[in-house]
Each structure stands twice: as structure tokens, then as C-alpha cells.
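Structure first, then comments.
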Amino acid sequence: MIEILNSARLERARDTGALVGNILHTLKQRSTVGTNLLDIDQWAKEMITEAGAQSCYVDYAPSFGRGPFGHYICTAVNDGVLHGRPHNYTLADGDLLTLDLAVARGGVAADAAISFLVGKARPAESVAMIETTERALAAGIAAAKPGARIGDLSHAIGTVLSEAGYPINIEFGGHGIGSTMHQDPHIANTGRPGRGYKLRPGLLLALEPWVMADTATLVTDADGWTLRSATGCRTAHSEHTIAITDNGAEILTLPTQARP
């Protein structure tokens, strides 16, 4: 299903997107050396509930997961990259943490992810990998305009990732979003320009470039959810929900502090 939002629903999408961005910003500030992943999940639950929103994850049970996810946020550390299930782990200095959050409010969902280093340690390779996913995300957003094709976005993202030397996995990528978290069209993190669905104003997309340092192969953790790099290498993931407007792409999931 591909949804096109009218102006009223687009306004609700802006509201939900701002909520997601602000929650992620707060959680990043709170996630320090000594923080437990289960604490992050509890903080997310509290903020979602206080905002009168609904988690897109708690009851989520797709074919690639083992039963309902059962938590309010994805927390992936170091070699974990996608669908990281919170568990009893205490963050250490230099850990690379990815927080991925999707909520719904007013009947519209928004989805975003950030990767960052915990504490004071700044391994150069990890910094470069995070920055590459952020640049790839910016490139995909810049390519998103009415009349463009999904392949144009995939090509823009993939060009940045491949030029930086990272293998690209196409099993998981960006997606349409609206009344539900995951919708068509699928947006692979590499592709050929000029191919695929033509973008229209009112379309919501979640773009999410992610990479693993030296492999394109994923393995599933024993928890049945967390996807990790097959080689144990570090990973990074950046995501925003955007709206296609007459003037191009509007980023919906920026925190208030980062808005123009």
C-alpha cells in the first residue's frame, strides 16, 4: 500500500515527526557510560506514553522477527545494526549505539534513527562510518522531489556509501510510511536512477542508509530480532522520515533544536 496524505494528515505527520526527533534527542543526551539499554527502553516508554502516542514496536511481529518485539525502541550496539532488542547491557566508553524509534500519534507514524559514540572515546573508523551514513541520508533527501523516482534516491544514497568503501546490503532499507510504520515503496540503499515509483506531494518516506564496516552479510542474534554484522565489525545507521512537497523534501523527524 502507498498512501498520499492530504494537508490535514500531513500536519499530523509533522507533529508525530517532531515527537520522534525530540525523544531521540533526549535519549541521546541521557545515554552515557553506565546507562543500561533497558533504562533507555523505559525512558522511551515514558515519553511516548506522556505524549499520548503509541509505540509502533511493542506488538510488532513481522515474519523476520521472533514473536512480538515487546519493547519501545531499538537499541543496537557496536556490531548490532538493525532491530536491536533492548536487553541487560551497560554502555561502555566508546560503544557505538544506534537508537531507532517509530511512534504513531493522530493516526500517522514517523520513524527515525541515530548512531553515536558513547562517552569520550572517538575511534576514527566509527566516526567516519557514522558520518558516511549521515551524508548518504542527506544525499537521498536532496534527491527526493516531485517527479523523481525511487531509484534516484537509492542511487544517491548508494553512491555515497560505495564511494566511502562500504559494502551495501539491500535486504533492508527505507520504506513508505503513513498510517502504519512499514509501507511500500521499498527504498534500497543502492539502485539505478530513473527506476521505480514516481514521487508525488503528500508521500511520506523513511530513508535509512546503514552500513557494516567490512561485510554486507547479516546474522540474526539469539534473541530472534537483533541483526548483527556477520564478521563482528561495527555498524552505523541514520534515518529520517520525510514528506514530499511541491518544493522538495521536508524532514519531519528533526528535533526542535535542529529545526531552521
- Task: Check Leu207, Val211, Thr133, Ile114 against Ser238 for a side-chain contact (heavy atoms from CB on, under 4.5 Å) and give me the one that passes.
- Result: Thr133
How many angstroms lie between [atom1] in [X] and [atom2] in [Y], if you round to the nearest 0.5 Å?
X      : Y      : atom1 : atom2 : value
Ile73  : Ile23  : CD1   : CD1   : 8.0 Å
Leu37  : Thr90  : CG    : OG1   : 8.0 Å
Ile242 : Leu204 : CD1   : CG    : 9.0 Å
Ile244 : Leu10  : CD1   : CG    : 10.5 Å
Leu101 : Asn22  : CG    : CG    : 11.0 Å
Ile177 : Asp184 : CD1   : CG    : 13.0 Å

- Task: Verify side-chain contact (heavy atoms from CB on, under 4.5 Å) between Ile40 and Ser31, making sure each step is shown before the conclusion.
- Result: CA-CA 7 Å; Ile40 297 173; Ser31 299; 3.4 Å; yes
Within the distance-only criterion (no hydrogens, no angle test), does the side chain of [X] pair as donor or acceptor with the backbone N or O of [Y] below 3.5 angstrom?
X      : Y      : value
Arg122 : Gly119 : yes
Gln54  : Val103 : no
Asp93  : Ala121 : yes

Joint hydrophobic cluster, [X] plus [Y], side-chain heavy atoms closer than 4.5 Å:
X      : Y      : answer
Leu161 : Phe172 : no
Val20  : Leu97  : yes
Leu203 : Ile141 : yes
Met212 : Leu96  : no
Leu252 : Val108 : yes

Heavy-atom pair with the smallest gap, counting every atom of [X] and [Y]:
X      : Y      : value
Ala188 : Ser154 : O-OG, 2.7 Å
Ala53  : Leu19  : CB-CD2, 3.7 Å
Ala109 : Cys56  : CB-SG, 4.0 Å
Ser126 : Arg234 : OG-NH1, 3.1 Å
Ala148 : Ala143 : CB-O, 3.5 Å
Asp100 : Ala112 : OD1-O, 3.1 Å

- Query: Does the side-chain contact (heavy atoms from CB on, under 4.5 Å) test come out yes or no for Arg85 and His87, once each step is laid out?
  - Reply: CA-CA 6 Å; Arg85 202 164 187 264; His87 61 285; 5.8 Å; no
- Query: For residues 241-250, which residue pairs qualify under salt bridge (Lys or Arg N to Asp or Glu O under 4.0 Å), counting only residues two or more places apart or in two chains?
  - Reply: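 Pairs touching residues 241-250 that pass the test: Arg14-Glu250.
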Say whether [X] and [Y], considering side chains only, have a donor N or O and an acceptor N or O under 3.5 Å apart.
X      : Y      : answer
Thr241 : Asp111 : no
Gln29  : Thr26  : no
His83  : Thr226 : no
Tyr89  : Asp95  : yes

Within the 4.5 Å heavy-atom criterion, are [X] and [Y] side-chain neighbours or not?
X      : Y      : result
Thr190 : Ser162 : no
Lys198 : Pro146 : no
Leu199 : Leu205 : yes
Thr75  : Asp41  : no
Ser115 : Met129 : no
Cys74  : Leu99  : no
Thr32  : Leu91  : no
Leu227 : Phe64  : no

- Message: Assess the residue pair Val58 and Lys45 against the criterion (side-chain contact (heavy atoms from CB on, under 4.5 Å)); give the C-alpha distance rounded to whole Å, side-chain angles, the decisive distance to 0.1 Å, and a yes or no.
- Response: CA-CA 10 Å; Val58 171; Lys45 176 183 178 180; over 6 Å; no
- Message: Walk me through whether Ser229 and Asp79 qualify under side-chain hydrogen bond (donor to acceptor under 3.5 Å, both in side chains).
- Response: CA-CA 6 Å; Ser229 61; Asp79 64 325; 4.8 Å; no
[X]: partners by side chain to side chain donor-acceptor pair (under 3.5 Å), with sequence neighbours left out:
X      : result
Glu171 : Asn169
Glu163 : none
Arg105 : Asp15

- Crowding at CG, Asp59 (>12 non-hydrogen neighbours, <6.0 Å):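 No, because the 6.0 Å sphere around CG of Asp59 holds 12 heavy atoms or fewer from other groups.
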- Item | Greater than 12 external heavy atoms within 6.0 Å of Ile170's CD1 | no
- Could you go through the side-chain contact (heavy atoms from CB on, under 4.5 Å) check for Arg149 and Arg195 one step at a time? CA-CA 6 Å; Arg149 301 276 184 174; Arg195 301 296 184 92; 5.7 Å; no
- Message: Is the terminal nitrogen or CZ of Arg30 (NZ for Lys, CZ for Arg) located under 6.0 angstrom from the six-membered ring centre of Trp43 and within 45° of that ring's axis?
- Response: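 Pair Arg30/Trp43 counts as cation-pi.
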- Task: Could you go through the side-chain hydrogen bond (donor to acceptor under 3.5 Å, both in side chains) check for Glu46 and Thr49 one step at a time?
- Result: CA-CA 5 Å; Glu46 291 168 359; Thr49 302; over 6 Å; no
- Task: Could you tell me if the ring centre of Phe69 sits under 6.0 Å from that of Tyr57?
- Result: yes
- When clusters are formed from ILVMFWY side-chain contacts under 4.5 Å, directly or step by step, what else is grouped with Val160? none
- Message: I need the full list of side chain to side chain donor-acceptor pair (under 3.5 Å) pairs touching residues 199-222, with sequence neighbours left out, sorted by first then second residue.
- Response: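 Sorted pair list: His175-Glu208, Glu208-His237, Asp214-Thr231, Asp221-Arg228.
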